[in-house]
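Note that the structure is predicted; figures quoted are calculated from it, not measured. The first residue in the sequence is number 1, and the count goes up from there.
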Amino acid sequence: MAREYKMVKRRDKVEETRRRIAKATYELHSTIGPAFTTVALISDRAGIPRQTVYRNFATNLEIFRGCIAFGLEMNPLPDPELWQSIADPGERLKVGLTELYQWFEATEPVMTNAFRDYGAVKESAEALQPVGEIFYRMYGTLHQGWEGPEVGALLSLAVDFATWKKLHREQGMASSAIVELWRDLIRCRLA
């Protein structure tokens with residue numbers, strides 16, 4: 001019984017250490033960005049030796065995946081499967097984009113830095129692939145019920161972080177106004 005208790009306690013300690021590393025990485029990616037985040041900075045921020053980082057995450061790809069998992073735990077992506085039950089495509093678009101833009105607002109610092117540094121960090125593409133797949137499912141779910149390639153082009157812009165940021169930050173539009181803009185543009189295109 002004592003051995004089992006020690007194993008559970010050790011596993012919990014390992015998980016807590018991994019979480020501290022992932023949290024430190026996420027915070028650094030949010031502030032200085034992935035391209036400027038080093039293992040030395042991660043270990044300093046997490047308050048652990050560098051070798052502990054390497055022992056828990058052997059590669060940069062593993063560090064990236066841990067960071068993404070932590071970020072998604074803190075701010076889960078909207079689930080496009082839940083939008084499937086909304087029959088009206090205009091209402092589905094409104095609900096889906098509203099949830100997505102709330103997520104953009106919550107994750108804007110890390111998303112901004114991740115896009116800025118995307119080409120500079122080779123591991124980012126592979127680590128972000130599962131997130132990209134969710135965005136692809138969002139696009140597909142929101143596209144259901146709308147016809148035409150122009151609608152597809154508009155929807156690809158509607159689910160794009162950079163487009164949202166340009167409209168929200170540079171043009172000063174509220175996220176709710178951006179949602180209505182896309183609904184109006186798509187309806188006008190189909191009229």
Side-chain angles (χ1 to χ4, degrees), residues 11 13-81 96-97 99-143 152-171 173 175 178:
R11 184 188 71 226
K13 184 173 167 77
V14 167
E15 284 305 313
E16 176 56 30
T17 300
R18 289 178 63 82
R19 184 171 174 75
R20 284 175 55 196
I21 294 166
K23 180 180 186 228
T25 305
Y26 185 85
E27 290 170 350
L28 288 164
H29 285 191
S30 295
T31 54
I32 63 173
F36 301 102
T37 297
T38 64
V39 172
L41 289 172
I42 294 168
S43 68
D44 286 347
R45 188 161 199 122
I48 57 173
R50 283 192 339 189
Q51 59 269 33
T52 302
V53 175
Y54 290 118
R55 193 169 30 254
N56 284 276
F57 296 96
T59 66
N60 283 338
L61 179 59
E62 289 180 25
I63 293 172
F64 260 81
R65 286 180 174 155
C67 172
I68 292 167
F70 176 83
L72 291 176
E73 180 185 320
M74 299 303 296
N75 295 294
L77 268 165
D79 184 355
E81 302 301 318
L97 290 181
E99 290 180 12
L100 178 60
Y101 294 168
Q102 288 170 347
W103 187 80
F104 283 165
E105 289 178 13
T107 61
E108 185 177 1
V110 74
M111 290 287 289
T112 298
N113 290 338
F115 276 103
R116 181 198 67 206
D117 296 350
Y118 187 78
V121 182
K122 67 179 183 172
E123 295 84 5
S124 61
E126 188 174 348
L128 286 168
Q129 185 177 358
V131 174
E133 290 169 6
I134 295 170
F135 272 84
Y136 185 75
R137 287 198 327 266
M138 285 182 194
Y139 167 84
T141 300
L142 295 176
H143 197 270
L154 289 171
L155 286 171
S156 70
L157 291 171
V159 299
D160 180 66
F161 172 76
T163 303
W164 169 82
K165 187 173 178 180
K166 182 173 279 299
L167 294 171
H168 186 62
R169 293 291 174 211
E170 293 179 25
Q171 300 302 316
M173 293 178 69
S175 289
I178 300 169

K.L.:
Assess whether side chain to side chain contact (heavy atoms under 4.5 Å, CB included) is satisfied between Leu77 and Met138, documenting all intermediate values.
P.N.:
CA-CA 10 Å; Leu77 268 165; Met138 285 182 194; 3.8 Å; yes

K.L.:
Specify whether Trp164 and Phe104 have parallel, tilted or perpendicular ring planes, treating 30° as the upper limit for parallel and 60° as the lower limit for perpendicular.
P.N.:
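Plane angle between 30° and 60°, so tilted.
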
K.L.:
How about Met111 and Trp103: do any of their side-chain heavy atoms sit closer than 4.5 Å?
P.N.:
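A side-chain contact under 4.5 Å exists here.
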
K.L.:
Measuring from atom OH of Tyr26 to atom CG of Asn75, what distance do you get when rounded to the nearest 0.5 angstrom?
P.N.:
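The OH atom of Tyr26 sits 5.0 Å away from the CG atom of Asn75.
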
K.L.:
If you take all heavy atoms of Cys67 and Thr25, which pair is closest and at what distance?
P.N.:
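What the structure gives for the nearest pair is CB-CG2, 3.7 Å.
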
K.L.:
One thing to verify: whether Arg137 and Glu133 come together as a salt bridge, which I'm taking to mean a side-chain N less than 4.0 angstrom from a carboxylate O.
P.N.:
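Salt bridge: no.
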
K.L.:
Do Asn113 and Thr31 make a side-chain contact, defined as non-hydrogen atoms from C-beta onward lying under 4.5 Å apart?
P.N.:
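A side-chain contact is absent here, since even the closest heavy-atom pair is not under 4.5 Å.
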
K.L.:
Could you state the interatomic distance from CD1 (Ile48) to CD1 (Ile42), rounded to the nearest 0.5 Å?
P.N.:
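Result: 9.0 Å between the selected atoms.
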
K.L.:
State whether Glu123 and Arg65 are salt-bridged, where the test is any N-O pair (Lys NZ or Arg NE/NH1/NH2 against Asp/Glu carboxylate O) under 4.0 Å.
P.N.:
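No, no charged N to carboxylate O under 4.0 Å.
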
K.L.:
Would you check if the side chain of Asn56 reaches a backbone N or O of Thr52 as a donor-acceptor pair within less than 3.5 Å?
P.N.:
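Yes, because the side chain of Asn56 sits within donor-acceptor range (under 3.5 Å) of the backbone of Thr52.
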
K.L.:
Give me the atom names and distance for the closest heavy-atom approach of Gly66 to Phe57.
P.N.:
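For Gly66 and Phe57, the tightest heavy-atom pair comes out as CA-CE2, 4.1 Å.
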
K.L.:
Can you check whether Ile63 reaches Val39 side chain to side chain, under 4.5 Å on heavy atoms?
P.N.:
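In short, these two side chains touch, coming nearer than 4.5 Å.
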
K.L.:
When you measure from the side chain of Glu73 to the backbone N and O of Ala69, does any donor-acceptor pair fall under 3.5 Å?
P.N.:
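Checked: no pair found.
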
K.L.:
Please report the interatomic distance NZ(Lys165) to CG(Leu167), rounded to the nearest 0.5 Å.
P.N.:
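Nearest 0.5 Å value for the NZ-CG distance: 12.5 Å.
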
K.L.:
Report yes or no: do Glu105 and Ser175 form a side-chain donor-acceptor pair below 3.5 Å?
P.N.:
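Per modelled atom types, Glu105 and Ser175 side chains form a pair under 3.5 Å.
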
K.L.:
Answer yes or no: is there a donor N or O on one side and an acceptor on the other, between the side chain of Ser124 and the main chain of Tyr118, under 3.5 Å?
P.N.:
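Answer holds: yes.
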
K.L.:
Nearest 0.5 Å, what's the CG-CG distance between Leu142 and Leu155?
P.N.:
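Rounded to the nearest 0.5 Å, the CG-CG separation comes out at 6.5 Å.
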
K.L.:
Taking all non-hydrogen atoms of both residues, which atom of Leu72 and which atom of Val131 are closest, and how far apart?
P.N.:
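Looking at all heavy atoms of both residues, the closest pair is CD1-CG2, 4.1 Å.
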
K.L.:
Show, in sequence, the C-alpha distance, side-chain angles and deciding distance for His29 and Phe64, and conclude whether the ring-ring contact (aromatic ring centres under 6.0 Å, His included) test is met.
P.N.:
CA-CA 10 Å; His29 285 191; Phe64 260 81; 5.1 Å; yes

K.L.:
Distance-only, no hydrogens or angles: does the Thr107 side chain make a donor-acceptor pair with backbone N or O of Val110 under 3.5 Å?
P.N.:
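The answer is no, because no donor-acceptor pair under 3.5 Å joins these two groups.
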
K.L.:
I'd like to know if the side chain of Asp160 and the backbone of Thr163 have a donor-acceptor N/O pair within less than 3.5 Å.
P.N.:
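Yes: the side chain of Asp160 pairs with the backbone of Thr163.
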
K.L.:
Rounded to the nearest 0.5 Å, what's the gap from CZ on Arg19 to OG1 on Thr17? Could you check?
P.N.:
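Arg19 atom CZ to Thr17 atom OG1 measures 12.5 Å (nearest 0.5 Å).
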
K.L.:
Nearest 0.5 Å, what's the OG1-CG distance between Thr38 and Asp44?
P.N.:
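Atom-to-atom, Thr38:OG1 and Asp44:CG are 7.5 Å apart.
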
K.L.:
Are side-chain heavy atoms of Glu108 and Phe161 found at a separation under 4.5 Å?
P.N.:
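A side-chain contact under 4.5 Å exists here.
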
K.L.:
For atom CZ of Arg50, is the number of surrounding heavy atoms from other residues, nucleotides or ligands below 6.0 Å larger than 12?
P.N.:
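For Arg50, atom CZ is not crowded (no more than 12 foreign heavy atoms under 6.0 Å).
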
K.L.:
Which pair of heavy atoms, one from Pro130 and one from Ala127, lies closest together, and at what distance?
P.N.:
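It is CD-O, 3.4 Å.
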
K.L.:
Kindly give the heavy-atom pair with the smallest separation between Val53 and Ser43, and that separation in Å.
P.N.:
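Between these two residues, the closest heavy atoms are CG2-CB, 3.9 Å.
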
K.L.:
How far apart are the closest heavy atoms of Ala22 and Phe70, and which atoms are they?
P.N.:
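Looks like CB-CB, 3.8 Å.
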
